[in-house]
Number of protein chains: 2
Amino acid sequence: MDCDELDCFLILATELHFGRTAERMRLSRARVSQLVQRLERRVGAPLFARTSRRVALTTLGRRLRDDLEPHQRGIKAAMARAIASAKGIDEVLLVGFTNPLTGEAVVKAAEAMRGRHPDVAVEICEVPFNDPFGLLRQGEFDVQLTAFPVRESDLDAGPVLLSEKRTLAVHKGHPLAGRGEVTVEDLAGVALLDFEGEPPSYWRDFHAPPRTPSGREIPRGAAVGNFQEALTLVGAGKGALLSPAHAADYHPRPNVVYVPLAAEPVDYGLVWRAGDENRAVRAFADTARKVVA
Amino acid sequence: MDCDELDCFLILATELHFGRTAERMRLSRARVSQLVQRLERRVGAPLFARTSRRVALTTLGRRLRDDLEPHQRGIKAAMARAIASAKGIDEVLLVGFTNPLTGEAVVKAAEAMRGRHPDVAVEICEVPFNDPFGLLRQGEFDVQLTAFPVRESDLDAGPVLLSEKRTLAVHKGHPLAGRGEVTVEDLAGVALLDFEGEPPSYWRDFHAPPRTPSGREIPRGAAVGNFQEALTLVGAGKGALLSPAHAADYHPRPNVVYVPLAAEPVDYGLVWRAGDENRAVRAFADTARKVVA
DNA sequence: CGCTTCGTTCACTGACACTGAACGATCGCC
DNA sequence: GGCGATCGTTCAGTGTCAGTGAACGAAGCG
């Protein structure tokens, strides 16, 4: 059992793209292809259904990804803890982020923490797109930087740290693609991609509102469990997606156009378990408020 | 993060011996040494306190081992499940064993299962010495071949499958070492190694009885969490240990003598969760009863 | 004070991790 | 429908590093 194969599999399972996976692993595309093939040979069945244009997980692949991911994260956390306690650090703070923008902010805050609170080690990891709060609840994360609104009785939220405009991601052939700006009212009749899993209804309604302000219906399209998956569907003309503005820079896709949306912006802030607001969490929240601006 | 390093670390953490670890990993001792050193360099502190005669986990090492082990097992299980379901197998049975003797029996039964019940995949793994039933309860195992007695209200046990004599493992300088046989009465005043964790009291009393038949006290020595650890202590003259007879063949140690014990033998049988006696468990129990003899 | 059993060091080598270039496929587009 | 772009795969080549065996020092034992 080779770690490279598993790492590669898990990255590809979220990126669904050999090129980007190769970039993230700092390898050539050829090598990524070989690693995935070797893992598939070991398992004895394909984990990805792929053409030269599209990569998707098979049922078996999805299952394996779900089985593997928590343990892979657990091993990373165990190593981080060991390294931290070898340095004489007594507290390890696991911080989650949800997209490239929040990722950058969290990295910046973590760097600042090293100077201000050297006794707290900050470990950073991406929050799976599916259930936004599950891992935080389970204790896999201590804090995470998430898009508001967050209305969970067992979670506390800090002030807004970031804010950005929203956009509508549509296929470039879509009638709205040429517009300089769209309003929520324009979304009437435009199928917005839905979310797998069971996200809280207020969360779902914020990211894929069911009606326009005037009450006209906004239908819901296919459900996705992954941002890359969503973009692939948008690129295939299978639905539209409300996404934060930074996606245009971080996730350019040939067939996807991001049209500015005239609506309230997305706010981001830190969230933690209501009971567990310890010194390290407060220190991080403090640092983040001062650094992210 | 290299898998070899972690595998090597975990094996060494239970074997506490570079030579045996090398054997199990099918590598040279030199390589094992290098792998452990690289992991320690990565962590930034020693994981083992070792002289040329003795290997022991540091506190940090023990912690890392406890953190890592469940995830390592989880990954193996995930791969096994994927491989099994790629073969069209719909049921995976996780079988545990507790020592080399039961290990061989389980392997034999598993091989027989392949012929009798090809739709059930049998996965085999060693049960950690510490808490004998924890992993079975957690569902990490479905069945395990364990030494009786087992008196747990939530676990069911099958008939006795194996039985073997017991021995007393003592330092070769010990007064009892020269005897051709010892009785439980002879143990009066002989410190028997105790067990870490919180084993059930009937279990503890069977493996390290507190009194002789006539009522004289058998003191308890240092607590160990591991058979290798126990043998190391016995080899250092730090206590004696009641062990099954096969240990003499499978765990010879320069300073340790195994003296036959005139007492009831150890019985072994299968144990499973009382509620979960499904078709696969019954099939395995059946096969084991016929094959192991 | 030899003898044995360990873990470690070190120079060496063969396997294989990894690459770049070429290739075939699948799109969109004029 | 042909052209260009994008993407995953194949393949031969190469540099690296995983892994070894031999030598060594430390530690215990008699």
Side-chain angles (χ1 to χ4, degrees), chain A residues 2-9 11-13 15-23 25-41 46-57 171-174 177 228 231-238 251-257, chain B residues 2-9 11-12 15-41 46-57 171-174 177 228 231-238 251-257:
Chain A
D2 185 10
C3 263
D4 275 1
E5 286 173 22
L6 301 186
D7 277 349
C8 190
F9 164 71
I11 295 182
L12 184 60
E15 290 288 354
L16 296 177
H17 190 285
F18 280 72
R20 282 194 297 275
T21 304
E23 231 173 285
M25 293 207 65
R26 309 183 167 214
L27 290 177
S28 65
R29 263 185 305 163
R31 184 79 191 130
V32 171
S33 179
Q34 290 163 4
L35 284 170
V36 171
Q37 277 174 328
R38 207 171 57 181
L39 183 63
E40 285 177 324
R41 197 144 24 87
L47 300 168
F48 296 95
R50 46 196 187 274
T51 68
S52 72
R53 303 302 290 178
R54 209 185 304 285
V55 179
L57 277 164
H171 187 264
K172 63 176 162 187
H174 194 277
Q228 308 297 342
L231 284 186
T232 305
L233 285 185
V234 172
K238 297 268 164 60
H251 302 291
R253 293 289 184 105
N255 298 328
V256 175
V257 175
Chain B
D2 184 11
C3 261
D4 274 1
E5 287 174 21
L6 300 186
D7 277 349
C8 191
F9 165 71
I11 294 181
L12 184 60
E15 290 287 353
L16 297 177
H17 190 286
F18 280 72
R20 282 194 298 274
T21 305
E23 230 172 289
R24 276 181 61 175
M25 294 207 66
R26 306 180 171 219
L27 289 177
S28 64
R29 263 185 306 163
R31 186 74 191 136
V32 171
S33 179
Q34 290 163 6
L35 284 171
V36 171
Q37 277 174 331
R38 208 170 57 182
L39 183 64
E40 286 178 324
R41 196 143 25 86
L47 299 168
F48 295 95
R50 48 195 186 275
T51 68
S52 71
R53 301 303 289 178
R54 208 186 303 287
V55 179
L57 278 164
H171 186 265
K172 63 176 162 187
H174 193 277
Q228 307 298 340
L231 283 187
T232 305
L233 285 185
V234 172
K238 297 272 164 58
H251 301 291
R253 293 290 184 106
N255 298 328
V256 175
V257 174

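Each chain gets a letter, A, B and so on, in the order its sequence line appears, and its residues count up from 1. All values derive from a computational prediction rather than experimental measurement.
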Below 4.0 Å from chain B heavy atoms, what is the first contacting nucleotide of DNA chain D and what is the last?
D/dA18 to D/dG30
For the helix from C/dC1-D/dG30 to C/dC30-D/dG1, what is the angle between the axes at its two ends, each from 5 pairs, rounded to 10°?
30°
With the side chain of A/A30 defined as its heavy atoms from C-beta on, choose the nearest nucleotide among C/dA21, C/dA17, C/dT26.
C/dA21
Measure from CD on B/E23 to C1' on C/dC6 and round the result to the nearest Å.
14 Å
Whole angstroms only, please: what is the CG-C1' distance between B/L35 and C/dT9?
15 Å
What is the distance from CG of B/N255 to C1' of C/dT5, rounded to the nearest Å?
11 Å
Look at all strands and tell whether A/V55 reaches a base, only sugar-phosphate, or nothing, counting heavy atoms closer than 4.0 Å.
sugar-phosphate
Give A/R38 one of three labels, base, sugar-phosphate or nothing, depending on what nucleic acid heavy atoms sit under 4.0 Å from its own.
sugar-phosphate
Applying a 4.0 Å non-hydrogen cut-off, can you work out what A/R29 is touching in the nucleic acid: base, sugar-phosphate, or nothing?
base
So A/R31, base contact, sugar-phosphate only, or nothing? Heavy-atom distance under 4.0 Å.
base
Is it true that, when you exclude B/R20 itself, more than 12 heavy atoms of the residues, nucleotides or ligands shown sit nearer than 6.0 Å to its CZ?
yes
What is the distance from CZ of A/R253 to C1' of C/dC27, rounded to the nearest Å?
14 Å
Rounded to the nearest angstrom, tell me the gap between atom CG in B/L27 and atom C1' in C/dG7.
16 Å
Does the side chain of A/F9 reach to within under 4.5 Å of the side chain of A/L57, using non-hydrogen atoms?
yes
Looking at B/D2 and B/R38, is there a salt bridge between them, counting it only when a charged N and a carboxylate O are closer than 4.0 Å?
yes
Nearest-0.5 Å distance that lies between atom CG in A/L231 and atom CZ in A/R253
5.0 Å
Among B/R31, B/M25, B/R24, which residue meets the side chain to side chain contact (heavy atoms under 4.5 Å, CB included) test with B/C8?
B/M25
For B/T51, which contact category applies under a 4.0 Å heavy-atom criterion: base, sugar-phosphate, or nothing?
sugar-phosphate
Can a salt bridge be assigned to the pair B/R50 and B/E40 using a cut-off of 4.0 Å between side-chain N and carboxylate O?
yes
Could you state the CZ-C1' distance from A/R54 to C/dC27, rounded to the nearest angstrom?
9 Å
Would one find a side-chain N or O of B/Q34 under 4.0 angstrom from OP1 or OP2 of C/dG7?
no
5' priority, DNA chain C, between B/G19 and A/S28 [closest heavy atom]:
B/G19
Could you tell me the separation between the NE2 atom of A/H17 and the CD atom of A/Q228, rounded to the nearest 0.5 Å?
9.0 Å
Heavy-atom check, side chain of A/L35 versus side chain of A/L27, under 4.5 Å
yes
For A/Q34 and A/R29, what are the C-alpha separation, side-chain angles and deciding distance, and is it a side chain to side chain donor-acceptor pair (under 3.5 Å)?
CA-CA 9 Å; A/Q34 290 163 4; A/R29 263 185 305 163; over 6 Å; no
Any side-chain heavy-atom pair of B/L47 and B/V36 under 4.5 Å:
no
Report the distance from atom CZ of A/R26 to atom P of C/dC18, rounded to the nearest whole Å.
14 Å
Take atom NZ of B/K172 and atom C1' of C/dT4, then tell me their distance rounded to the nearest Å.
11 Å
